[in-house]
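Worksheet: the structure to be examined is printed underneath.
Naming convention: chains lettered A, B, ... in sequence-line order (proteins, then strands); numbering from 1 in each chain. For the numbers below, each heavy atom of this structure counts, side chains included, while hydrogens, waters and symmetry mates do not.
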Number of protein chains: 2
Amino acid sequence: MSDESGGEFPVGMPRNYLRPCLLLLLAEGTSHGYELLEQVAALGLGRSDPGRVYRCLRAMDEDGLVHSVWTPSATGPARRTYALTDEGRDWLDALAGSLAEVSRALGGYQRRYKRLVKQDETAR
Amino acid sequence: MSDESGGEFPVGMPRNYLRPCLLLLLAEGTSHGYELLEQVAALGLGRSDPGRVYRCLRAMDEDGLVHSVWTPSATGPARRTYALTDEGRDWLDALAGSLAEVSRALGGYQRRYKRLVKQDETAR
DNA sequence: TCGTGTATGTGCACCATACACTTAGCCCGC
DNA sequence: GCGGGCTAAGTGTATGGTGCACATACACGA
């Protein structure tokens, strides 16, 4: 309870949520790990660690959902730039559908919870 | 893609989703594991295995969120009947709040995804 | 007595996640 | 020129939830 010290969710985001997040961001535009790391925060992943993002990108690369190219940078070290493949785009659509199902289930939970709270109030 | 053979979500439900589910069901009424096992399916957990449910109930018992009593059954073996504690009720409220946050994040994702799809259509 | 349904559990391996740590290039100030 | 800070990309490892298989036991009917 009270959940001080950082505000971590007692329940986490959906399993593998990072994958659809990265696919969505890459569908919006080619990017590299370090930049994606900052952008995923806006999708509900607060301050997720670099290792997680880099490993996920690697795995999707091996799965053929994205492909990467080393690109030099004028302002720092070289970047591994990622772009979405056609298969990755298909996966994005599929994962977005799955997330919609999760969202629906969560909506059902909320309705049921609110009904319970209302019953408790009237019974009080 | 295509996801034959059972229809498992490519992305799963939130981590620890079973806990708020069981707490909600127990808030609606005292019950036992085998019955809860069937009821959680309605909350979005399709055919979750018994072991998971029993282990979760045990863990919550040790955490003091529920307490259990052995009750004989006329139609079969004895049941371990669970009831919600005050602390369990507090946790239910907290977890429901967390799930609401998750739900909000997922809503944001969906909006962003749909915007992308629309852009793709107009650009086609 | 053997199978079926109810009811509760354990064993184990896998995998995502969390957290800590490392490497390396570039630039700026001292 | 040298140290520190920022950018950028990783690796190592422990933990913990989950999936799947398996074990146990009671009741009841064929």
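We find that CG of B:Asp61 is positioned 13 Å from P of C:dT8, with the value rounded to whole Å. Whole-Å rounding puts the A:Tyr54 OH to D:dT7 P distance at 11 Å. D:dG10 atom P lies 16 Å from atom CD of A:Glu35, rounded to whole Å. We find that CG of A:Leu37 is positioned 11 Å from C1' of D:dT7, with the value rounded to whole Å. Rounded to whole Å, atom C1' of D:dG10 lies 15 Å from atom CG of A:Leu36. Rounded to whole Å, the distance from CG on B:Leu22 to P on C:dT8 is 12 Å. With rounding to whole Å, A:Leu45 atom CG is found 14 Å from C:dC19 atom P. Rounded to an integer number of Å, the gap from B:Asp63 CG to D:dG17 P is 10 Å.
Ion pair B:Arg19/B:Asp63 flagged as a salt bridge, since at least one NZ, NE, NH1 or NH2 atom sits closer than 4.0 Å to an Asp/Glu carboxylate oxygen. By the 4.0 Å N-to-carboxylate-O rule, A:Asp120 lies close enough to B:Arg89 to be salt-bridged with it.
For B:Arg80 and C:dG9, the shortest distance from a side-chain N or O to OP1 or OP2 is below 4.0 Å.
Residues B:Ser48 and A:Thr81 each lie close to DNA chain D; by heavy-atom proximity, the contact nearer the 5' end of the strand is made by A:Thr81. Residues A:Gly76 and A:Arg52 both approach DNA chain C. Their nearest nucleotides, taken by heavy-atom distance, put A:Arg52 toward the 5′ side.
Note: B:Tyr113 OH to B:Leu106 CG = 14.0 Å, rounded to the nearest 0.5 Å.
Panel note: side chain A:Gln110, backbone B:Ala96; a donor-acceptor pair is recorded below 3.5 Å.
There is no side-chain donor-acceptor pair under 3.5 Å between B:Arg79 and B:Thr71.
Listed nucleotides C:dG9, D:dA8, D:dC26 differ in distance to B:Pro77; the shortest reach to its side chain belongs to D:dC26. When distances run from any side-chain atom of B:Arg55 to the nucleotides D:dA9, C:dG11, D:dC26, the shortest one goes to C:dG11. If you check D:dA8, C:dA18, D:dA9 against the side chain of A:Asp49, the one that comes closest is C:dA18. Set against D:dG17, D:dA9, C:dC19, the side chain of B:Asn16 has D:dG17 as its closest nucleotide. The nucleotide whose nearest atom lies closest to any side-chain atom of A:Tyr34 is, among D:dA9, C:dG9, D:dT18, D:dA9. For B:Arg79, whose side chain is taken as the heavy atoms from C-beta onward, the closest listed nucleotide among C:dA7, D:dT7, D:dG10 is C:dA7.
Among the heavy atoms of the strands lying under 4.0 Å from B:Gly51 is at least one base atom, whether or not backbone atoms are also near.
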